[in-house]
S.K.: 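The structure that follows is given in the form of structure tokens.
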4 protein chains.
Amino acid sequence: MLNRAILLGRLTKDPELRYTQNGTAVATFSLAVDRRTTNQQGERETDFLNIVVWSKLAELCAQYLKKGRQAAVEGRIQTRNYENKEGRRVYVTEIVAENVQFIGGQGQGQGGSGFQDEPYSGGGFGQAPSSGGGSRSRDAFNDNPFADTQKPIDISDDDLPF
Amino acid sequence: MLNRAILLGRLTKDPELRYTQNGTAVATFSLAVDRRTTNQQGERETDFLNIVVWSKLAELCAQYLKKGRQAAVEGRIQTRNYENKEGRRVYVTEIVAENVQFIGGQGQGQGGSGFQDEPYSGGGFGQAPSSGGGSRSRDAFNDNPFADTQKPIDISDDDLPF
Amino acid sequence: MLNRAILLGRLTKDPELRYTQNGTAVATFSLAVDRRTTNQQGERETDFLNIVVWSKLAELCAQYLKKGRQAAVEGRIQTRNYENKEGRRVYVTEIVAENVQFIGGQGQGQGGSGFQDEPYSGGGFGQAPSSGGGSRSRDAFNDNPFADTQKPIDISDDDLPF
Amino acid sequence: MLNRAILLGRLTKDPELRYTQNGTAVATFSLAVDRRTTNQQGERETDFLNIVVWSKLAELCAQYLKKGRQAAVEGRIQTRNYENKEGRRVYVTEIVAENVQFIGGQGQGQGGSGFQDEPYSGGGFGQAPSSGGGSRSRDAFNDNPFADTQKPIDISDDDLPF
DNA sequence: TTTT
DNA sequence: TTTT
């Protein structure tokens with residue numbers, strides 16, 4: 001039916017990029033979204049939302065989004081549940097992003113290279129291809145030798161516990 | 001910042017209505033929202049989203065929404081965490097509704113009185129008053145002697161585990 | 001970038017279905033959406049929004065939506081301008097629907113066959129195929145001999161004055 | 001009923017700030033929102049959406065938003081019509097913003113003082129007070145002697161042709 | 001713990 | 001040019 005979520009916030013850490021067994025890229029990150037109102041104690045609270053991105057859009061997120069950067073996310077809210085190691089059922093709610101906009105520079109004291117100096121800076125990009133992923137060469141990521149999350153992992157495409 | 005969710009689905013059961021210690025009404029229900037796509041096995045999956053409604057809008061939801069009925073919900077996505085009885089931290093994601101539209105009739109074979117025959121049928125209503133609740137007399141609910149959820153409960157206004 | 005509109009309202013008249021020169025179906029209708037607040041005179045005002053739907057979704061709308069019926073529309077807001085017969089530039093703002101949900105029955109005193117009795121009653125359907133239109137046989141519409149809007153017309157696919 | 005629009009784009013020029021006869025501030029600007037897809041000729045088109053903002057939020061927009069800057073706008077889509085000088089009825093569709101986020105820096109070659117150096121840079125702010133305007137002193141704007149749009153004008157609060 |  |  002109708003299920004739409006639109007968020008604007010900052011990444012709490014760098015995205016994690018993984019690949020499913022059939023080679024589809026999937027990125028996950030958490031987005032901190034400040035509330036517009038303050039609570040009874042006068043403090044501004046923050047919601048932390050788990051974002052999942054698939055295919056080519058996942059790889060672009062892993063490449064251009066970093067901890068502290070701002071992003072606008074549009075997608076649908078998904079619920080899943082799985083059994084953890086202790087045999088307990090864990091309920092997960094996450095946003096499956098269909099559109100991610102990289103906006104603005106990074107937060108204060110973040111270190112690292114500035115967003116402004118990079119390609120696609122301030123720009124957006126098209127729709128996540130629903131036609132499946134893998135169209136972009138994974139060699140594009142070889143310039144980051146520490147990205148150990150980029151190896152294929154043993155998860156099914158639509159049942160990703162994270 | 002920006003945090004908006006819009007959903008259209010059916011209630012999985014009747015809403016639960018409670019009152020905080022200071023008398024603010026809060027209703028909770030779960031909304032089943034079918035996905036628009038089918039999975040690899042060709043089945044249509046469903047997301048089950050927890051909805052929280054406050055104040056006068058909570059009382060209207062408790063009065064007019066029932067299991068199986070369709071509703072459109074507009075609100076923001078909220079994350080909370082609390083410690084359960086076993087000392088585990090539980091993470092909750094829920095939609096705090098600011099606008100709820102009662103639409104359509106109820107499902108087949110649902111029993112109970114038809115939505116069509118009731119006041120406010122098919123209609124909408126104004127914004128949830130952010131100015132706090134309690135403006136509506138709780139005696140209005142006395143015509144339902146079995147509504148044991150309508151007693152005040154010991155929860156703080158913005159930390160509602162359910 | 002980000003451009004999303006979500007509406008819930010009633011059709012002010014039956015949808016109009018046309019076909020572009022290359023055979024793509026396009027339906028248009030106007031959706032009446034009541035405001036949630038009243039104006040200074042205490043009257044509830046209404047916004048009338050022009051909706052455009054393409055391809056298979058256009059044909060489904062033409063088939064199942066009628067004047068007075070409720071629909072939820074999700075899409076993007078589009079602006080166009082064209083020169084009219086008198087040489088004036090006309091500015092148009094419309095919603096290009098990517099998802100339309102047929103909800104609820106029809107209004108009181110509307111006459112005609114009830115939505116409840118028809119196939120897909122109360123149901124929704126999948127995404128508008130972006131893969132181009134024309135996949136559905138137009139003969140499906142031959143049971144309506146008065147639908148003179150169903151002939152191909154001389155408009156380009158993305159410049160539709162209506 | 002349900003009427004929500006969410007946009008992310010850039011201002012095509014500086015906002016115009018006016019005041020209604022009863023002293024309520026109203027700002028208007030046009031937001032350029034690039035489409036995510038290209039047309040048949042391979043060009044990326046842009047939608048230009050008219051935004052209206054009221055009260056304190058209007059004054060903040062006039063103060064912090066400038067031509068070329070990025071903004072996220074959340075609001076409802078409104079339609080109006082009025083008779084122009086030639087006696088023709090003009091139909092207007094615009095977005096009445098309830099939440100505006102000032103994001104990112106300004107566009108290339110824009111000149112003027114940088115957003116980064118100003119207060120509220122990169123920040124957001126609370127909801128537009130629906131409780132009516134005028135709470136902020138208009139003298140606050142006297143430091144800009146060229147802002148000739150800041151004089152009271154003869155328009156009613158909810159019928160603003162622009 | 002789930003609705004049609 | 002408007003729906004309930």
Side-chain angles (χ1 to χ4, degrees), chain A residues 1 3 79-81 88-91 93, chain B residues 7-16 28-35 43-51 65-71 73 90 92 94 101-112 115-116 120-125 162, chain C residues 7-16 28-35 43-51 65-73 90 92 94 101-112 115-116 120-125 161-162, chain D residues 1 3 79-81 88-91 93:
Chain A
M1 311 207 69
N3 180 338
T79 56
R80 285 184 300 113
N81 63 80
R88 282 171 161 280
R89 190 137 297 270
V90 180
Y91 293 88
T93 302
Chain B
L7 304 166
L8 177 58
R10 290 185 185 277
L11 278 81
T12 61
K13 50 176 87 94
D14 290 0
E16 287 185 41
T28 56
F29 56 89
S30 157
L31 201 69
V33 182
D34 290 333
R35 296 192 191 159
E43 317 153 329
R44 184 169 309 278
E45 291 176 276
T46 301
D47 296 296
F48 297 96
L49 300 165
N50 289 325
I51 314 291
L65 287 177
K66 297 291 165 217
K67 177 181 177 178
R69 284 188 184 158
Q70 254 183 318
V73 168
V90 180
V92 175
E94 62 213 2
Q101 300 291 331
F102 308 153
I103 47 179
Q106 67 205 38
Q108 255 53 44
Q110 274 305 122
F115 202 44
Q116 250 78 35
Y120 289 96
S121 166
F125 46 83
F162 77 104
Chain C
L7 304 166
L8 177 57
R10 288 184 186 277
L11 277 82
T12 62
K13 50 175 88 92
D14 291 0
E16 288 184 41
T28 57
F29 57 88
S30 157
L31 200 70
V33 182
D34 291 333
R35 295 191 191 160
E43 316 153 331
R44 184 170 307 279
E45 291 177 276
T46 301
D47 296 295
F48 297 96
L49 300 165
N50 290 324
I51 314 291
L65 286 177
K66 298 292 166 216
K67 177 180 176 178
R69 285 188 183 157
Q70 253 183 320
V73 168
V90 180
V92 175
E94 63 212 3
Q101 299 291 330
F102 309 154
I103 46 179
Q106 68 203 37
Q108 256 54 43
Q110 276 303 123
F115 202 45
Q116 251 78 34
Y120 289 95
S121 166
F125 49 80
F162 77 104
Chain D
M1 310 209 69
N3 180 339
T79 55
R80 286 184 300 113
N81 63 81
R88 281 171 161 281
R89 191 137 295 269
V90 180
Y91 294 87
T93 302

S.K.: Starting at atom CZ of C:Phe102, determine the distance to atom C1' of F:dT3, rounded to an integer number of angstrom.
M.R.: 17 Å
S.K.: Between E:dT2 atom P and B:Lys13 atom NZ, what is the distance in whole Å?
M.R.: 8 Å
S.K.: Rounded off to whole Å, could you give me the CG-to-P distance for the C:Leu11 and F:dT2 pair?
M.R.: 15 Å
S.K.: Rounded to whole angstrom units, what separation is found between the CZ atom of B:Arg10 and the C1' atom of E:dT1?
M.R.: 20 Å
S.K.: Could you state the atom-to-atom distance from CG of B:Leu7 to C1' of E:dT3 in whole Å?
M.R.: 14 Å
S.K.: Counting heavy atoms from C-beta on, name the nucleotide in E:dT3, E:dT1, F:dT3 closest to the side chain of C:Thr12.
M.R.: F:dT3
S.K.: Please examine the side chains of C:Arg10 and C:Leu31, heavy atoms only from C-beta on, and report whether any two atoms are closer than 4.5 Å.
M.R.: no
S.K.: Rounded to the nearest Å, what distance is computed from the CG atom of residue B:Asn50 to the C1' atom of nucleotide E:dT1?
M.R.: 10 Å
S.K.: Between E:dT3, F:dT1, E:dT1, which nucleotide gets closest to the side-chain atoms of D:Arg89?
M.R.: F:dT1
S.K.: Is any side-chain heavy atom of C:Thr28 closer than 4.5 Å to one of C:Asn50?
M.R.: no
S.K.: Nearest to the side chain of C:Lys67 - F:dT3, E:dT2, F:dT1?
M.R.: F:dT3
S.K.: Let me know the distance between CG of C:Leu65 and C1' of F:dT3, rounded to the nearest Å.
M.R.: 13 Å
S.K.: Please report the shortest heavy-atom distance between B:Gln70 and B:Leu65, naming the atom on each side.
M.R.: O-CD2, 4.2 Å
S.K.: Only counting residues at least two apart or in another chain, list the ones meeting side chain to side chain donor-acceptor pair (under 3.5 Å) with B:Asp14.
M.R.: none
S.K.: Looking only at side-chain atoms of B:Ser30, point me to the closest of E:dT1, F:dT2, E:dT2.
M.R.: E:dT2
S.K.: Mind calculating the distance between CD (C:Gln101) and P (E:dT3) to the nearest angstrom?
M.R.: 20 Å
